[in-house]
Structures are given as C-alpha cells and as structure tokens.
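Indexing begins at 1, ligand by ligand and atom by atom, following the structure's order. For clarity, every value in this text was computed on a predicted model and none was experimentally measured.
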Amino acid sequence: MKIICIGRNYTAHIEELQNERPVDPVVFIKPDSSVLPKEQDFYIPEFSNDIHYEVEVLVKIKKVGKHIDQKFAANYYDEIGLGIDFTARDLQQALKEKGLPWEKAKGFDGATVIGKWLPKTAFKDLNNINFTLSKNNELVQQGNTSLMLWKIDELIAYVSTFFTLKKGDVLFTGTPAGVGRVKTNDYLSGSLENIEMFQLNIK
Ligand code: ZN
C-alpha cells in the first residue's frame, strides 16, 4: 500500500509557508511504514524540534487504475477519511533549501495518521466537506474541500498518470491553513462534518 500526498492544495496554506503557487499539483509519497498503528500514541522523533500537524481529507482507493479519466475517477473510491501528515518542518525546510527530496521529513515512522473511514455516500457533496483539527480542545485548523485548488477527482486523474493506483492506497489531499507545532502531552482530535475521526496523544 502506498500513501500519495498532495502539497500546496489550499491557497491560504501556500501563503502561510510562503510557498509558490504550483502550476501542477505537488505530489509526494510516504512509505507504508510511516503509518501510525491504530490506538498508538505519536512520539516526537529525536531528529526534529519542529514537528507540525497537517490535517487532511483522505480518499481510499478501491481498485487498480492507471490513466484514470476524471469523469470516471469516482468509480475508484468509496470511502472518505481524515488523517494527519506529520511533518518535521525544520528538516523539510533544510531539504527544500538544498532542493533535496522531502522523504525524511514526511515519511518517518509514525508520520502518517489514518483515522476511521466513512462511506462517500455519507456526504451530499464531496467538494463541500467541512473538516477540523483541534489541539488540546482548541480549534487549530479548519477547512472545506471546496477550497482545494485541485478537487478529489482531478487529483485521482492526475496522480494516476504517473502511478498505478492499487486497492488500499490512500490519497492525502493537502492541508488548509493553520499548521503548527506539537509538543509532548498535546492531544489532537480531528472531525469531518462534526464526526470525530481520530484522537491522538503526543508523547
Ligand atoms: Zn500535507
């Protein structure tokens, strides 16, 4: 199983990191070893002093596909989720400055949180889903999928021109503004349309 992530998909987040607005979606992959096992706490790794949460809407791929036409993209997924793309921002910044790959900053063990899944039929419009992340019961990130530069079906079409999508692959669709640091004893919880999708303790 692979985890395909989209970067810079929300204008306000591009601005907060002072990144350039991309011409095409920014795509990277996290290894399956980065998935935090269910019910486990997240341990801040020793190699970073600046681990950031990024809450993102997830899509679970249900069958093999390559060169998927956007108008058939919906046939390739039935479930929508919410997760965190943890990022060692200090490491990522150093790698970015040198033009080097990001994997160490985003693909380390535990860096991928996948919450529970809901059937896509639970949503009236996939391009209008509200989602939030709270830290210590205070709202820190709030997004709506309508604000994505590239919507779910466009992303599936785009990434499948490079990578064959397989059953069980997970697409992370990018984070809205409000990313920030976690510290020991923080408590994170994420919701999709007010349904709690995950809870997480930081150690
Ligand atoms: Zn991300």
Non-hydrogen atoms of Ser191 and Leu82 that approach each other most closely
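What the structure gives for the nearest pair is N-CD2, 3.4 Å.
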Apply the side chain to side chain contact (heavy atoms under 4.5 Å, CB included) test between Leu171 and each candidate in Ile3, Leu58, Ile6; give the one that qualifies.
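Result for side chain to side chain contact (heavy atoms under 4.5 Å, CB included) with Leu171: Ile6.
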Looking only at N, O or S atoms in [X], which is nearest to the Zn ion (ligand 1)?
X     : value
Glu54 : OE1
Asp85 : OD2
Glu56 : OE2

Taking atom NZ as the centre, does Lys63 end up with more than 12 heavy-atom neighbours from other residues, nucleotides or ligands that are less than 6.0 angstrom away?
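Correct, the count exceeds 12.
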Honestly, is Lys135 close enough over Tyr53, meaning NZ or CZ under 6.0 Å from the six-membered ring centre and within 45° of the axis?
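Negative - Lys135 is either too far from the ring of Tyr53 or too far off its axis.
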